[in-house]
Visitor: 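I am attaching a structure below and will ask some questions about it afterwards.
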Amino acid sequence: MKSIEGGFPEYAKFEPTAPGRDYYDPDNFKDELENIWFDTWLLAGREEEIPNRGDYKTVQIGNENFVLTRGIDGNVNGFYNVCRHRGSRLCTKESGHFSQGRIICPYHSWMYSADTGELSKAPNISDDDEGFNPENHALVDIKVESWDGFLWINANPDSPTLSECFNLPESWSIYEKYEMERLKVGKTGTYKVNANWKLLMDNAEECYHCGTIHPELSKSTPPMQPRQWVDEEVPETKVLKHVGSMGLNPGFERCNIDGNAYRPVFPSLSDEDARKISYLHIFPHAYLCMASDYVFAASIFPIAPDYTIVKGYWLFDPDELEKDDAYLQDAIEFWDITCQEDWAACELAQQGNESRSYQNGGTLTPIDWRVANFKKYIKNEMNNN
Ligand code: FES
Ligand SMILES: [Fe+2]
């Protein structure tokens, strides 16, 4: 195990933030969607949100909307939520079920196979009609992959696999002990934040703010403690960031709102692991907070330059969820409060980033070194595409 002295590495230094404009300019936002969001693997939810054939959920990113649905072969397929006739949105709900595996457009009733996206029927139009070949009008698909129960999407048809992009085999093994494929969603949350998406990730990349805005989190895991890297052999990849573990306050048995143990520790964790919470961040938009008896996952989605939606997932041992007296509130409240504290701070930052006095931006301190890394990632993605 390797820890970082004082919580940040030697190369951390003072440097400028991105200019304020990057956090509100509509053209920059559009460029980010094209160069980052529609060209990378994104955490779009959990397998168990759509357990059966025909179940679907939708994902909004900027003005695009995607539908994820489980096909007859059990795999999850992803499509742009756009009818090929005259462009109507197909599913208007956030989630639901396609009866008999059919997606029917609400405008003129074109019908698609939810299993393949193929156009199966267009009312009053025959396959023999000159100039019309149903094969040319299938829904436009996107890539979908599953990773330990999490669903990932990628709108770039030429993208390498998730495993290739994430360098998964060696990177992920260190978290196998949390057995995330086995865990199930006990609670979801949706947060609407009036701030640019990057401010939310910037915020997630530092705990400099923890002492100021997170009294509950700070009580459970004191801020500014050196974070242990999970293993020095594990490389950080372009998108996977092993943020490390924080130790519990001596009076706490669990990383939650009051420190009490309401559920057993995950079976594969050591006594040492049980007294920690470990963090895995995935650029550009997600992080996993792995406590000893639950996992909280947050997935951040840009909607407009100054508006972002965050989906939160609380994952628990399925055996615990089945209990009549299952108690989850300690974990739910802990991250619900912490999220709200974070998003309120991001909204304040948004207001300042839009000020004419902030057009050249501000300062990243050495303690903000992970924010600096995120800034570098954004810059590279924007320049390389
Ligand atoms: S727009 Fe969908 S059927 Fe016409
Ligand atoms: Fe925070």
Side-chain angles (χ1 to χ4, degrees), residues 7 58 65 67 79-92 98 102-114 117-127 129 132 134 136-140 189 191 193 195 197-225 227 241 243-246 255-257 277-281 285-291 296-300 308 310 312 331 333-350 364-365 367-371 374:
T58 57
N65 194 277
V67 55
F79 306 107
Y80 283 82
N81 190 0
V82 178
C83 179
R84 303 299 297 159
H85 175 217
R86 295 222 324 269
S88 172
R89 172 79 50 100
L90 294 164
C91 320
T92 53
F98 296 126
R102 299 184 305 201
I103 304 175
I104 301 174
C105 178
Y107 198 175
H108 313 90
S109 296
W110 277 28
M111 187 193 294
Y112 302 88
S113 159
E118 287 164 338
L119 178 65
S120 44
K121 191 174 167 195
N124 305 322
I125 296 171
S126 152
D127 290 2
D129 283 356
F132 184 78
N136 297 336
H137 305 280
L139 297 180
V140 178
Y191 300 92
V193 191
W197 67 277
K198 295 190 298 302
L199 287 176
L200 279 68
M201 274 306 276
D202 287 351
N203 175 75
E205 293 308 305
E206 48 91 358
C207 202
Y208 191 13
H209 66 269
C210 294
T212 312
I213 71 168
H214 294 314
E216 303 80 9
L217 185 73
S218 301
K219 218 167 125 192
S220 160
T221 48
M224 298 307 290
Q225 56 175 289
R227 292 195 183 194
K241 307 295 169 186
V243 177
S245 308
M246 291 179 82
C255 190
N256 62 9
I257 199 75
I277 181 163
S278 298
Y279 293 96
L280 177 67
H281 291 194
H285 80 135
Y287 55 90
L288 306 180
C289 314
M290 293 166 281
F296 175 70
S299 199
I300 293 166
T308 302
V310 184
E333 208 179 307
F334 184 67
W335 282 106
D336 182 53
I337 289 172
T338 302
C339 281
Q340 293 193 50
E341 291 163 347
D342 278 328
W343 313 147
C346 292
E347 290 186 344
L348 290 181
Q350 180 70 30
L364 294 173
T365 74
I367 310 172
D368 297 312
W369 65 281
R370 282 193 177 277
V371 186
F374 183 60

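First listed ligand is number 1; within each ligand, the first listed atom is number 1. Only heavy atoms go into these numbers, but all of them, side chains included; no hydrogens, no water, no symmetry mates.
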Visitor: Does the plane of the ring in H281 sit parallel, tilted or perpendicular to the ring in Y287? Use 30° and 60° as the thresholds.
Guide: tilted
Visitor: Using 30° and 60° as the class boundaries, would you call the ring planes of H85 and H108 parallel, tilted or perpendicular?
Guide: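 Rings of H85 and H108: perpendicular, over 60°.
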Visitor: Nearest non-hydrogen atom to atom 1 (S) of ligand 1 belongs to which of R84, M111, R89, R86?
Guide: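 The option holding the nearest heavy atom is R86.
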Visitor: Students should be able to answer this: which protein heavy-atom is nearest to atom 4 (Fe) of ligand 1, and at what distance?
Guide: H108 ND1, 2.0 Å
Visitor: Can you tell if the side chain of V193 reaches within under 4.5 Å of the side chain of V310, non-hydrogen atoms only?
Guide: yes
Visitor: Do any of the N/O/S atoms of E341, backbone or side chain, fall under 2.8 Å from the Fe ion (ligand 2)?
Guide: no
Visitor: For N81 and L90, indicate whether the former's side chain and the latter's backbone hold a donor-acceptor pair under 3.5 Å.
Guide: yes
Visitor: Is any side-chain heavy atom of F98 closer than 4.5 Å to one of V67?
Guide: yes
Visitor: I'd like to check Y112 versus C83 (side-chain heavy atoms, cut-off strictly below 4.5 Å). Are they in contact?
Guide: yes
Visitor: For the CD atom of Q225 and the OG atom of S245, what is their distance to the nearest 0.5 Å?
Guide: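 That separation rounds to 9.0 Å.
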Visitor: With atom 4 (Fe) of ligand 1 as the reference point, give the N/O/S atom of H85 that is nearest.
Guide: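 For H85, the N/O/S atom sitting closest to atom 4 (Fe) of ligand 1 is ND1.
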Visitor: Check D342 and report its N/O/S atom nearest to the Fe ion (ligand 2), by atom name.
Guide: OD1
Visitor: Using a 4.0 Å cutoff against the non-hydrogen atoms of W110, which atoms of ligand 1 qualify?
Guide: 3 (S)
Visitor: So, of the N/O/S atoms that H209 has, which is the nearest one to the Fe ion (ligand 2)?
Guide: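 For H209, the N/O/S atom sitting closest to the Fe ion (ligand 2) is NE2.
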Visitor: Is the Fe ion (ligand 2) under 2.8 Å from any N, O or S atom of H214?
Guide: yes
Visitor: Which atoms of ligand 1 are found less than 4.0 Å from any heavy atom of C83?
Guide: 1 (S), 2 (Fe), 3 (S)
Visitor: Suppose I only count heavy atoms of C105 and a 4.0 Å limit; which atoms of ligand 1 are within that range?
Guide: 1 (S), 2 (Fe), 3 (S)
Visitor: Could you tell me the separation between the NE2 atom of H209 and the CD1 atom of I367, rounded to the nearest 0.5 Å?
Guide: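 Reported to 0.5 Å precision, the distance equals 12.5 Å.
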Visitor: For ligand 1, which atoms, with element, lie under 4.0 Å from some heavy atom of S88?
Guide: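 Matching atoms, with element in brackets: 1 (S).
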